[in-house]
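Single-structure report; data block below.
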Amino acid sequence: FTSQAWWKDAVVYQVYPASFKDSNGDGIGDIPGLIAKADYLSALGINVVWLSPMYKSPQVDMGYDIADYEDIHAPFGKLADMDVLIEALHSRGIKLILDLVINHTSDQHAWFQESRASRDSPKRDWYIWRPARYDAQGQRQPPNNWRANFGGSVWEWDEPTQEYYLHYFAKEQPDLNWENPTTRQAIYDSAVRFWLRRGIDGFRVDTVNKYSKPLEFPDAPVTDPASPWQFAYPLFCNGPRIHEFLREMVREALDPFGGPGHVMTVGELPSTPDPVDIKRYVSARAHELNMVLSFDMVYLGMGTVRKYLPQPFNLCDVKAALARWQHMAAESDGDMWTTVFAENHDSARSISRFASDAPEHREASARLLALMLTSLTGTLFIYQGQEIGMVNLPRAWPVDEYRDLETHNFYAAMQAEAAKAGSPAEADKIMTAAMDGINVLARDHARSPMQWDASPNAGFTSAPADGSVQPWMRVNDNYREINVAAQMDKAGSPLEFWRRLLSFRRQHRHLFVYGEFVEHDHDNPFVFTYTKLIDHASGIEAGEDAGPHPAAKALVSLNFTDQPQAVCFPVDCSADKCELAISSTSVDKVTDIAVLQPYEGRIYWVR
Ligand code: ISL
Ligand code: CA
């Protein structure tokens with residue numbers, strides 16, 4: 001395995017600092033809290049922590065609005081805590097990657113403060129400023145009709161200097177001007193080299209395909225005639241100079257630290273369906289990113305005009321979304337590398353989205369999804385709480401319990417729609433649909449505090465239980481049933497099953513991390529079936545496997561329904577050639593090798 005880069009068979013665990021563990025009782029998770037859980041992470045069997053932004057920030061977008069790349073958000077801790085964290089993880093064989101958020105900064109960043117100070121500020125050109133357009137009535141209008149990711153126009157009028165600035169996300173997140181070489185150098189120095197020098201091992205690169213803008217800023221086609229602001233994602237992404245910028249960043253900021261083979265980079269790559277475009281980012285030859293995270297799976301069922309009004313989808317859509325990314329490494333002869341994940345801080349919980357969070361199926365669903373994810377090819381990412389089977393927030397919670405600006409902007413837009421409705425009943429229907437949608441898709445489902453035990457506030461905070469200090473976000477009502485303490489050392493719990501699977505994946509990494517994925521029975525909407533074969537392009541042979549069973553092939557069969565389902569044995573893996581390796585229920589409960597129980601998943605060795 002020596003020829004493989006370390007990040008290929010890594011298991012990455014994403015930590016959302018505000019919600020992981022509060023060590024000082026102020027209701028906000030912090031870096032010392034994370035340090036205190038290093039042994040927990042090590043025992044789980046992960047080997048990289050991805051820490052979501054912990055930088056100094058006014059927290060308009062939970063830290064994705066950075067006011068200083070070289071400092072820490074005070075409630076999270078101090079710079080010195082980061083040094084302790086790096087050491088605590090490294091001494092346990094765990095690497096650390098940070099979130100690199102360099103498409104935009106906070107409007108509180110000193111760079112933007114200077115930029116907006118006057119039109120002839122030396123940093124004016126560090127952000128993107130444009131004059132107003134005037135319509136036929138002489139009304140001032142922004143330079144184009146693009147809708148920002150969180151709603152409204154992407155342009156914000158600045159009264160003192162009489163120009164608009166660009167913001168793809170919230171108006172408090174102005175976009176940096178990557179056309180300016182001095183700005184780029186400042187980004188590399190402050191956001192990238194500063195942290196590599198301190199000893200981190202890489203980055204998750206936020207919204208990596210948006211740095212280069214189409215400078216003529218053409219209007220987007222009208223898809224929402226009721227609004228002046230139009231969906232423009234395809235125009236935001238993959239701009240004309242993006243690859244030039246990324247190659248420059250790698251050369252200037254990563255190569256001095258060992259380059260892409262040594263420094264892990266995983267780019268967030270929304271809205272990029274064309275494999276040719278994807279390849280430009282992740283081909284090893286291109287010397288840009290190691291891998292990317294695509295949203296094909298987590299975006300399933302999201303609306304385009306109204307993101308949180310869910311659209312129907314079925315298991316075949318899930319299969320197709322995963323399969324698209326599974327073939328990448330094999331098809332490129334090892335030149336490209338891929339990722340596997342089902343949750344992050346921007347998505348609702350995978351059990352609620354893709355299986356069943358009904359009490360009688362919840363744990364089985366957790367194990368089923370775990371078995372699927374750990375048997376797929378690529379670098380595996382899991383999100384805090386996923387290992388204990390955390391699920392979405394209760395439907396009964398009112399919108400005030402949600403903290404995310406995206407949810408509140410959506411809710412406000414729906415209220416505006418309801419205000420125009422013909423009758424109170426019609427208005428009611430609109431708001432019920434809004435809350436139904438939020439309950440399925442809101443980002444906050446992933447952001448509620450981690451559930452450590454059954455004590456008040458789920459053991460998330462050390463604050464006294466008298467209610468004098470509340471966690472920054474309400475703990476999910478189900479914490480007495482779903483928590484780490486209840487699952488620790490409990491055979492068959494999601495947590496124990498994840499541990500077991502992570503060690504199984506590592507032991508048989510030639511098949512599960514590097515193997516070639518072949519899907520079977522695609523049109524079956526109930527069962528997901530695939531085989532994993534040794535991928536010769538990876539240079540790994542069955543004999544090299546450390547495990548007791550040096551199989552060259554495995555069959556994976558996953559039942560996504562609440563009914564028993566027949567296993568589909570592909571022609572070259574008939575039942576008599578298959579030997580059960582793992583079941584997500586329990587091997588001794590398997591009575592029929594050819595029938596899956598509700599929400600059961602299995603791996604068979606194929607002889
Ligand atoms: O949130 C999304 C889907 O629910 C995406 O549209 C997301 O906004 C986009 O993928 C970019 O995400 C990243 O940058 C945002 C931040 O809000 C997200 O948390 C972050 O993951 C702005 O920095
Ligand atoms: Ca705290």
Side-chain angles (χ1 to χ4, degrees), residues 14 16-36 50 52-55 57 59-66 72-78 81 99-106 147-151 154 167-176 204-211 231-233 236-237 266-272 292-304 307-308 341 343-348 353 381 383 403-407 409-410 437-438 440-447 449 457 460-463 469-472:
Q14 185 186 354
Y16 201 62
S19 300
F20 194 59
K21 175 70 189 169
D22 170 23
S23 70
N24 62 351
D26 64 355
I28 304 170
D30 44 53
I31 296 157
L34 168 54
I35 294 167
W50 151 21
S52 273
M54 74 300 153
Y55 311 93
S57 159
Q59 304 285 323
V60 169
D61 185 21
M62 290 303 294
Y64 284 87
D65 48 326
I66 297 172
I72 307 298
H73 179 51
F76 292 167
K78 300 194 166 45
D81 294 319
D99 229 298
L100 182 60
V101 188
I102 49 179
N103 174 67
H104 46 269
T105 66
S106 162
R147 185 176 80 206
N149 198 56
F150 300 136
V154 294
H167 61 91
Y168 280 176
F169 296 90
K171 67 178 194 310
E172 296 86 354
Q173 292 169 297
D175 282 47
L176 284 156
R204 175 266 190 182
V205 193
D206 189 57
T207 194
V208 73
N209 55 355
K210 299 192 189 61
Y211 311 156
F231 174 76
Y233 238 69
F236 289 9
C237 296
V266 52
E268 186 202 24
L269 196 74
S271 268
T272 307
V292 294
L293 297 164
S294 102
F295 295 95
D296 291 3
M297 177 163 164
V298 293
Y299 277 13
L300 281 173
M302 285 188 182
T304 49
K307 180 172 155 187
Y308 290 154
F341 75 103
E343 287 186 23
N344 60 33
H345 66 293
D346 289 334
S347 66
R353 294 270 278 121
F381 290 76
Y383 181 76
R403 294 284 169 269
D404 183 17
L405 82 163
E406 187 172 61
T407 295
N409 290 353
F410 164 77
I438 287 172
V440 177
L441 292 170
R443 304 198 295 180
D444 277 338
H445 295 297
R447 299 178 179 186
N457 293 321
F460 158 70
T461 169
S462 58
V469 177
Q470 292 294 331
W472 75 275

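Whatever order the structure lists them in is the order used to number ligands and atoms, beginning at 1.
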Please list, in number order, the atoms of ligand 1 under 4.0 Å from a heavy atom of [X].
X      : result
Asp61  : 15 (C), 16 (C), 17 (O), 22 (C), 23 (O)
His345 : 18 (C), 19 (O), 20 (C), 21 (O)
Glu268 : 9 (C), 10 (O), 11 (C), 12 (O), 13 (C), 21 (O)
Tyr233 : 6 (O), 9 (C)
Phe150 : 17 (O)
Asn149 : 6 (O), 7 (C), 8 (O)

What do you reckon, does [X] have a nitrogen or oxygen under 3.5 Å from a nitrogen or oxygen of ligand 1?
X      : result
Thr207 : no
Lys307 : yes
Lys210 : no

Tell me whether [X] reaches ligand 1 (any heavy atom closer than 4.0 angstrom to a ligand atom).
X      : value
Tyr299 : yes
His104 : yes
Arg204 : yes

Quick one: does ligand 1 sit under 4.0 Å from the side chain of [X], the backbone, both or neither, non-hydrogen atoms only?
X      : result
Tyr308 : neither
Tyr64  : both
Tyr16  : neither
Asp346 : both

Checklist entry - Once rounded to 10 degrees, what value does the angle at the Ca ion (ligand 2) take between OD1 (Asp22) and O (Ile28)? => result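 Rounding to the nearest 10 degrees gives 80°.
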
Item to check | Degrees at the Ca ion (ligand 2) between the OD1 atom of Asn24 and the OD2 atom of Asp30, nearest 10° | outcome: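 With the Ca ion (ligand 2) as the vertex, the angle is close to 90°.
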
For the backbone of [Y] and the side chain of [X], can you confirm whether one donor and one acceptor N or O come within less than 3.5 Å of each other?
X      : Y      : value
Tyr299 : Ser271 : no
Glu268 : Thr207 : yes
Asp22  : Gly27  : yes
Asp65  : Gln59  : yes
Arg403 : Trp472 : yes

Next on the checklist: Only N/O/S atoms count here: what is the atom of Asp26 closest to the Ca ion (ligand 2) called?
Outcome noted: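 The closest N, O or S atom of Asp26 to the Ca ion (ligand 2) is OD1.
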
Checklist entry - According to the interplanar angle, ranging from 0 to 90°, do the rings of Phe341 and Phe295 count as parallel (below 30°), tilted (30 to 60°) or perpendicular (above 60°)? => result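 Phe341 and Phe295: perpendicular rings.
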
Next on the checklist: A side-chain contact here means heavy atoms from C-beta on lying under 4.5 Å apart; do His167 and His104 qualify?
Outcome noted: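 No; the side chains remain at least 4.5 Å from each other.
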
Checklist entry - Any side-chain donor paired with an acceptor under 3.5 Å for Thr407 and Asp444? => result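 Result is no, nothing qualifies.
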
